[in-house]
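Beneath this line is the structure, given in structure tokens, with notes to follow.
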Amino acid sequence: MAKATRAAFGETLIKLVDEGMDIMAVDADLCGSTTTAKFGAAYPDRLFDVGIAEQNMIGVASGLALTGRTVFTGSFAVFGTGRCWEQIRNTVCDSGLNVKICPTHAGITVGADGATHQALEDIALMRVLPGMRVLVPADYASAVAAIRLAAATPGPFYVRLGREPLPEVYDEGFTCDVAFANVLREGSDISIMACGVEVAQALAAADALAAEGISAEVVDVMSVKPLDEETIIASAAKTGRVLTVEEHSIYGGMGSAVAELLGEKRPVPVTRLGLTTFGQSGDAAELLAYYGLDAAGIAARVRKVLGK
């Protein structure tokens, strides 16, 4: 059953408190959309809605963290990272506070809200910060795992969540560690390394390519920072070519992280597929197709890289 990664947010926070964790949440007037409203309904004394004031949201979250709580923040990704970046940098990361930045509605699959609401820079903004860990789950089950991991691990985290329902990639109860990448499909001709929305699209592209005799390995790079260096290097060494795919700018995102790693430790040709412009308003599926980020677009780029 397809479920949005954002649907995991409020539900998982409730379960964490039920299990005995001292969890608090702070949102910026988007509790319904981010699903922190569900958490607030279950535990009204643990959710603070500060209004349309993301800088204050981070300040309140930081103050709560200083009292020993584990604190999650909401909002949309473009506002929950960009508008309050300086507060995340100077208050959360410089002090190593136990604040988990978990905004929703990342990427072009926000759809009709258009360019102003389609965060395409957030991974870059977060991964550049010292001490920040960056997770981009591919489906509901991995979003639950990412939120649980962030809650259980001290210090700053960024968990990137989306608006649209996504196909199941992992089974219920899936778990992971920091620095996690997973080979979902073995291949020999090229490694497609994807994160978030693009993981299911990459798997579908690999199916289509297999029918043409092209063997594509698919790797879910869920942990963009820190990278699972061993898994990524092994896949690149095996196939000799890498295509990174992300619903994000190619500048500073997952593809850049992978290219930096391979450039230093296992040089192979790397092609980055993502956005180079702002997005635009439209249906989520139509936008993925327009920017070549659906299964057909990924398969076409693989053929181009392989010269077929």
Side-chain angles (χ1 to χ4, degrees), residues 1-9 30 32-35 76-79 103-123 135-144 146 159-170 184-185 190 192-212 214 216 218-222 224 243-250 253-255 271-305:
M1 178 181 176
K3 295 179 72 174
T5 52
R6 65 174 169 140
F9 192 21
L30 289 165
S33 296
T34 65
T35 76
F76 287 179
V78 71
F79 309 122
T104 64
H105 293 63
I108 55 172
T109 49
V110 171
D113 288 351
T116 57
H117 285 56
Q118 294 167 349
L120 302 174
E121 313 82 14
D122 51 308
I123 295 174
L135 304 177
V136 187
D139 67 353
Y140 178 86
S142 58
V144 171
V159 181
R160 190 185 206 229
L161 303 173
R163 177 185 187 180
E164 291 295 300
L166 298 178
E168 291 182 4
V169 175
Y170 294 100
L184 294 171
R185 180 188 180 112
I190 190 169
I192 305 175
M193 300 191 182
C195 64
V197 169
E198 295 305 315
V199 173
Q201 299 295 332
L203 287 168
D207 286 341
L209 291 165
E212 305 169 18
I214 298 173
V218 177
V219 183
D220 174 12
V221 186
M222 179 173 137
V224 176
L243 173 67
T244 64
V245 189
E246 59 194 314
E247 187 201 14
H248 184 274
S249 171
I250 64 169
M254 180 272 289
T271 301
R272 294 169 298 157
L273 177 57
L275 278 291
T276 58
T277 65
F278 288 107
Q280 58 185 306
S281 180
D283 174 77
E286 292 174 345
L287 289 171
L288 288 177
Y290 180 84
Y291 290 105
L293 292 170
D294 63 350
I298 295 169
R301 183 60 67 93
V302 166
R303 295 186 197 100
K304 182 177 181 181
V305 169

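It should be emphasised that the depicted structure is a prediction, and the values quoted were computed from it without experimental measurement.
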Say you draw a straight line from [atom1] of [X] to [atom2] of [Y]; how long is it, rounded to the nearest 0.5 Å?
| X | Y | atom1 | atom2 | answer |
| --- | --- | --- | --- | --- |
| L161 | T34 | CG | OG1 | 9.5 Å |
| R185 | I192 | CZ | CD1 | 9.0 Å |
| L293 | R301 | CG | CZ | 9.0 Å |
| Q201 | L273 | CD | CG | 11.0 Å |
| E121 | F278 | CD | CZ | 6.0 Å |
| E246 | L275 | CD | CG | 9.0 Å |

Do [X] side-chain atoms and [Y] backbone N/O form a donor-acceptor pair below 3.5 Å?
| X | Y | result |
| --- | --- | --- |
| H248 | I123 | yes |
| R6 | S33 | yes |
| D220 | L184 | no |
| T5 | A143 | no |

| Side chain to side chain, I108 and Y290, heavy atoms closer than 4.5 Å | no
| request: Please examine the side chains of V302 and I214, heavy atoms only from C-beta on, and report whether any two atoms are closer than 4.5 Å. | output: yes
| task | Under the side-chain contact (heavy atoms from CB on, under 4.5 Å) rule, what do T116 and V78 come out as? Steps first, then yes or no, please. | result | CA-CA 8 Å; T116 57; V78 71; over 6 Å; no
Where do [X] and [Y] come nearest, in terms of heavy atoms and distance?
| X | Y | result |
| --- | --- | --- |
| Y170 | S142 | CD1-CB, 3.8 Å |
| I298 | A202 | CD1-N, 3.8 Å |
| V218 | A206 | CG2-CB, 3.7 Å |
| P167 | D139 | O-CB, 3.5 Å |
| V144 | A8 | CG2-CB, 3.7 Å |
| A204 | A295 | CB-CB, 3.6 Å |

| Matching residue for T109 among Q118, R163, E247 - test: side-chain hydrogen bond (donor to acceptor under 3.5 Å, both in side chains) | E247
| query | So F76 and H105, would you call those rings parallel, tilted or perpendicular, with 30° and 60° as cut-offs? | reply | parallel
| said: Please evaluate residues V159 and F9 with respect to the criterion side-chain contact (heavy atoms from CB on, under 4.5 Å), reporting the C-alpha separation (whole Å), side-chain torsions for both, the decisive distance (0.1 Å), and the verdict. | reply: CA-CA 10 Å; V159 181; F9 192 21; over 6 Å; no
| field | salt bridge (Lys or Arg N to Asp or Glu O under 4.0 Å) partners for D283, two or more places apart | value | none
| Which residues share a salt bridge (Lys or Arg N to Asp or Glu O under 4.0 Å) with D122, sequence neighbours left out | R160
| request: With sequence neighbours left out, write down each residue that passes side chain to side chain donor-acceptor pair (under 3.5 Å) with R272, or none if nothing qualifies. | output: S256
